[in-house]
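Everything on this sheet refers to the single structure shown next.
Residue numbers start at 1 and run along the sequence shown. For ligands, and for the atoms within them, numbers begin at 1 and follow the listed sequence.
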Amino acid sequence: MRDHFELRDGDAAGRIGELSIPRAGVTVETPALMPVINPNIRTITPARLESEFGAEILITNAYIIHRNEELHAAARDVGLHDLLEFDGAIVTDSGSFQLSEYGDIEVTTEEILEFQREIGSDVGTPVDIPTPPDVSREQAERELAQTATALADAETVDTGEMLVNAPVQGSTYPDLREAAGHQADETDLDVFPIGAVVPLMNSYRYAEMIDVVAAAKRGLGRDAPVHLFGAGHPMMFALAVAAGCDLFDSAAYAIYARDDRYLTVRGTEHLEDLDYFPCSCPVCSARDPAGLRDCDGEKRERLLAAHNLHVSFAEIRRVKQAIRSGNLLELVESRARAHPAMLDGYRTLLDHVEQLEREDPVSKGSFFHLSTESARRPEVRRHHERLARLDAGDRVLLTEGSKPSVDAYDAVWRIVPPFGPFPRALSGTYPLTAETPERTDRAAYEAAAEGIAALAAANPDSSFVLTHDGWSKSALARVPDGVAVEARGGCRGNGDDSADADDAHESAE
Ligand SMILES: [Zn+2]
């Protein structure tokens, strides 16, 4: 058990946690956003990040400071906190990025960790190898071995109270990411950045990003604080948190501002294309896009950077509130509708439903069935697993309708898509209190039918009768042969083959 990271509330694999950073004397509530500070260029000063945006933690590059004579001397002299004028926690990177860009750097893990400790960093980083996506397996394995050596070297350095990052690499090979996660978890290091995912995010490969995160999480323990290194776009915070990431860093706010790009939770806009601001932060309240375009270059960059930060911090708060309220996956569903690649990311997250289900709380506020993806949520899977353990009785009616007046059954169970059947006594329990649309989609009926199949398999000696309201052929095809099926009459708008339901009903009998 790591004593510097405490988990509070959870939703899917997302969580609100408390990361204690002893050297800074602060506790950072996660999910947290760490603005990236380039020690040479301060678009927005660290003091302002703290006072105006509420930043509790930021990240800067120790290697840049190490290499710059002036900064090096100043950092040694007054320390990193005074140099940056920031009282919160400061994380430092090691130059790994420079290593991956230029192929060579001038420091070893021992040297850079000692330097980070000396200048007063609160969380230091060894020199790992950020292996990009799509490299050969041989390269990924070789570089992962070098990263493992860096982590082992880091363990031997006297880092005092400074926490130390244990980066998880492995390119786009899930098994290597999982092994790397496991290896990092075995060290006595403290924070776990998932590295080299920026190329995936930049090319909207959110599905593969989620596979990488899920694999790393399988290797890491549940109590490991996870940093999605280089992830700074607010459109993917909810998705990444739902996959189990706790820390994000944003260089995006400044880099995008330099290019006149305006961040939103639905994607990136170019300032020149905007007629209206979909935001009420101080920057956007005080002017319209034309007014911002009229500002001179430096001022415009500063104002855009401020907006980009406001929208990013607001999204982190929204994600935290969603975890508290138990509707993080509803937020992910709505974010997934902003871009097809985000939808791929969400669908991929649901491919890992077994992993999500292990962490997802048993009871939450409300389950909103909002899309065909809702039928694949962990709550549905958990209900089906529960059905496989329930004793049903001899003769059971499963119905979407009310309890019949005749006493022909030992039990009458309700059916609610996408969950399927359950004893009426459970009607008031989560997630069976779900809000579902009147015009439920086919995926929900198919999932309900799979629930019936799970129940029937667990009760081979029971006889079941299903009465349904115009289920689709595809749903009825999932109902096991031994279950008698009766249509209650009346069709709902549940897909283009609902008119064929009666045919399916006859063939099922
Ligand atoms: Zn704004």
Residues 20-28 side chain polar contacts: donor-acceptor under 3.5 Å, at least two apart:
from: Arg23; atom 1: NH1; to: Arg117; atom 2: O; distance (Å): 2.9
from: Arg23; atom 1: NH1; to: Ser121; atom 2: O; distance (Å): 2.9
from: Arg23; atom 1: NH2; to: Arg117; atom 2: O; distance (Å): 2.8

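- The closest donor-acceptor contact from the side chain of Asn308 to the backbone of Tyr253 lies under 3.5 Å.
- Note on residues 322-331: pairs passing salt bridge (charged side-chain N to carboxylate O under 4.0 Å, His left out), not counting sequence neighbours, are Asp9-Arg324, Glu330-Arg377.
- Listed by first then second residue, pairs satisfying salt bridge (charged side-chain N to carboxylate O under 4.0 Å, His left out) with a partner in residues 27-41 read Glu29-Lys320, not counting sequence neighbours.
- For the pair Ile59 and Phe229, the minimum side-chain heavy-atom distance is below 4.5 Å.
- Between the Ser371 side chain and the Glu373 main chain, a donor and an acceptor come within less than 3.5 Å of each other.
- For the Zn ion (ligand 1), the nearby protein N/O/S atoms, meaning those under 2.8 Å, are Cys279 SG, Cys281 SG, Cys284 SG, His307 ND1.
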